[in-house]
Protein chains: 2
Amino acid sequence: MTNVNAYAALQADKPLEGYSLERREPGETDVEIEIEYCGVCHSDIHTARNEWGGTKYPVVPGHEIVGYVTRVGSKVTKFKKGDTVGVGCFVDSCGDCSNCQDHQEQYCEKGSSQTYNSYLQDKKTPTYGGYATHIVVTENFVLNISDKLPLHAVAPLLCAGITTYSPLKHWGIKNGDKVAVVGLGGLGHMAVKIAAAMGAEVTMLSRSKEKEKDADALGAHHFELTTKPENMKKMANTFNYIIDTVSAKHDYNEYLTLLRTNGVMVLLGVPPEPAPVHAGRLIFGRKSLVGSLVGGIKETQEMLDFCARHNIVSEVEMIKMEQINDAYERTISGDVRYRFVIDMKSLKNNVN
Amino acid sequence: MTNVNAYAALQADKPLEGYSLERREPGETDVEIEIEYCGVCHSDIHTARNEWGGTKYPVVPGHEIVGYVTRVGSKVTKFKKGDTVGVGCFVDSCGDCSNCQDHQEQYCEKGSSQTYNSYLQDKKTPTYGGYATHIVVTENFVLNISDKLPLHAVAPLLCAGITTYSPLKHWGIKNGDKVAVVGLGGLGHMAVKIAAAMGAEVTMLSRSKEKEKDADALGAHHFELTTKPENMKKMANTFNYIIDTVSAKHDYNEYLTLLRTNGVMVLLGVPPEPAPVHAGRLIFGRKSLVGSLVGGIKETQEMLDFCARHNIVSEVEMIKMEQINDAYERTISGDVRYRFVIDMKSLKNNVN
């Protein structure tokens, strides 16, 4: 075992603080990674504060991890010391069930091992995430990262990137499709970039006029205020896809009206309460309301390669590890464009 | 113009009564049909009683029409006198929009001409349905019916049949797929027959033990009471598809739980109020909640041919035209196995 510096939440109502974490010695198929950067996902906050229930303390959040390989096990074939790599939301899965066989580890029928607040496949060894100087992960769950892109801005691709790429790919977005993105945050800004790179005509739907300039800079072709009824009326039966990234309470029906025949509205956020859906909104026009969770490992690699080809990274604001509690507050209030990323050098130099 | 015997609702709160209807002389592309049988769809009742709003009186309901060709226009190429034919929910559409070009006339962007309580494409000539001795329809909206099947039991295929066939086909049901059908009525009993004929393993989900024998006779492989929590738990993550035919208020979320990863729940009924949907139920497992409306003309012909090949007809109870008001009451209380069909001879012999 190796002791490494980390940051942990020790209980739901306390700020995160410095923590000394034990990482296992790399086994035969393991890769040890020195973490350079880790993105700050809203899930980190929900988990640290036990807002979804089920948090097991101490919790070390972080599942948007990038860094360099420091050691590899004797049977590792895909990576070598010095490689630039990433780790996303999962660090293992059963490998046997039909979903794992189908490269959809995120839906592992026996339960995947999430990167933090979860267990390894022995169902007893807890997992700890990327707010740490190092992590050890079995090679099949380690991603290859191109050196072409600025590494710190790649980190959020491991969750926000794949979460938006996967449904666009799965539901068959084509060149020229009209795609609306609802909500311009960590997920929304990646949805705009990726959909545009896939050749879609992208419309940013927002309640706030202030977002227009950013939407434009991110590559959205159009910007429409959803607060104006005449805008909503004008857009009726317009979009092939709507990517809904909002996790606050909102009305699905008014967005379903904007879909064309056979249109698909993808939910990525979980509002606090179930939202009423009018069956007629789906029936008249054979529309689909669907959900999507992150993406599998093979698809995550495909997404990273796609982003490298298209020069896509996340828009980030760098912070030091000790700024994490302030960053959580700012994330909650939407005061970030569009993802905080922790520079792990700040943790390495700041031994508890 | 030809005067024909019909039955009409003259206002929302009055019983249907005998009515003399003018049908146009067949134009160049028209087919005149002597109606032998007409199914009684729940939509007929909603419309006759103005329960959806927008009913224009007098209304002659009926869109599950079968009979024989009596006359054809000079340019009709697909039909000749004596042919056995059917007419479903639509009698025309614009023909130009992308949905019409794609053989999805039911989603015509300019508005299809429904068989009753609608207008022809001139947007001013009212349409009157199948509770009548004759109907005149442009040949592209007339379906060919095999003489192999008992004609009276074919009638409900024109709405209940295609409404269940279309989503099963569109969402790619495969041999061996596990399909659950919710609600055993006019739609549900066709869903069971058609899904089973497509090779699916069909489970009837019901709140009433009494339906088990019928479900079995219709070809369902399993029957499960949804009122028992242990049954619902046992069926979690089981089905590839759920065909939900219920239009009463019910909880979508408990059914979504029964879907496997990538499963699809198809809504065919419109409950009186929007039903709450928990986004997490869709996200965890990449599930889809979708709607579907009837089917296009090409697909309706395909369905009729499929049913002829597989010896599928509807389970019907024959009535005379003058029994229609009683049949409406019995349909509302679920006291029909599983579709009333009007024998139009009763109308022909009973001149008002």
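Chain A is the first sequence line, chain B the second, and so forth, proteins listed ahead of strands; every chain is numbered from 1.
The residue among Pro167(A), Pro276(A), Gly280(A) with the most heavy atom pairs within less than 4.5 Å of chain B is Pro276(A). Most heavy-atom pairs under 4.5 Å with chain A: of the set Gly269(B), Ser288(B), Pro274(B), this distinction falls to Pro274(B). Here Ala275(B) is the residue among Ala275(B), Pro271(B), Ser247(B), Ala279(B) with the most heavy-atom pairs under 4.5 Å with chain A. Interface remark: of the candidates Gln104(A), Glu109(A), Glu273(A), Gln104(A) forms the most heavy-atom pairs closer than 4.5 Å to chain B. Contact count versus chain B (heavy atoms, under 4.5 Å) is highest, among Leu267(A), Val277(A), Leu268(A), Val290(A), for Val277(A).
Heavy atoms only, all atoms of each residue included: Tyr165(A) and Phe306(A) are closest at CE1-CG, 3.8 Å. Minimum heavy-atom separation, Gln114(B) to Val91(B): O-CG2, 3.8 Å.
There is no side-chain donor-acceptor pair under 3.5 Å between Glu299(A) and His170(A).
The structure places SG of Cys89(A) at 7.5 Å from OH of Tyr116(A), a figure rounded to the nearest 0.5 Å. Separation of atoms CE (Met232(B)) and NZ (Lys234(B)) is listed at 11.5 Å; rounding is to 0.5 Å. From Thr164(A), atom OG1 reaches atom NZ of Lys169(A) across 13.5 Å, with rounding to the nearest 0.5 Å.
Residue contact with chain B, scored on non-hydrogen atoms closer than 4.5 Å, involves the side chain of Asn262(A) exclusively. Only the side chain of Arg260(B) comes within less than 4.5 Å of a heavy atom of chain A; its backbone N, CA, C and O stay farther away. Only the side chain of Ser98(A) comes within contact range of chain B, with at least one heavy atom under 4.5 Å from a heavy atom of that chain. With a 4.5 Å cut-off on non-hydrogen atoms, Trp171(B) touches chain A through its side chain but not through its backbone.
In this structure, Glu105(B) does not pair ionically with Lys298(B), as no charged nitrogen and carboxylate oxygen lie closer than 4.0 Å.
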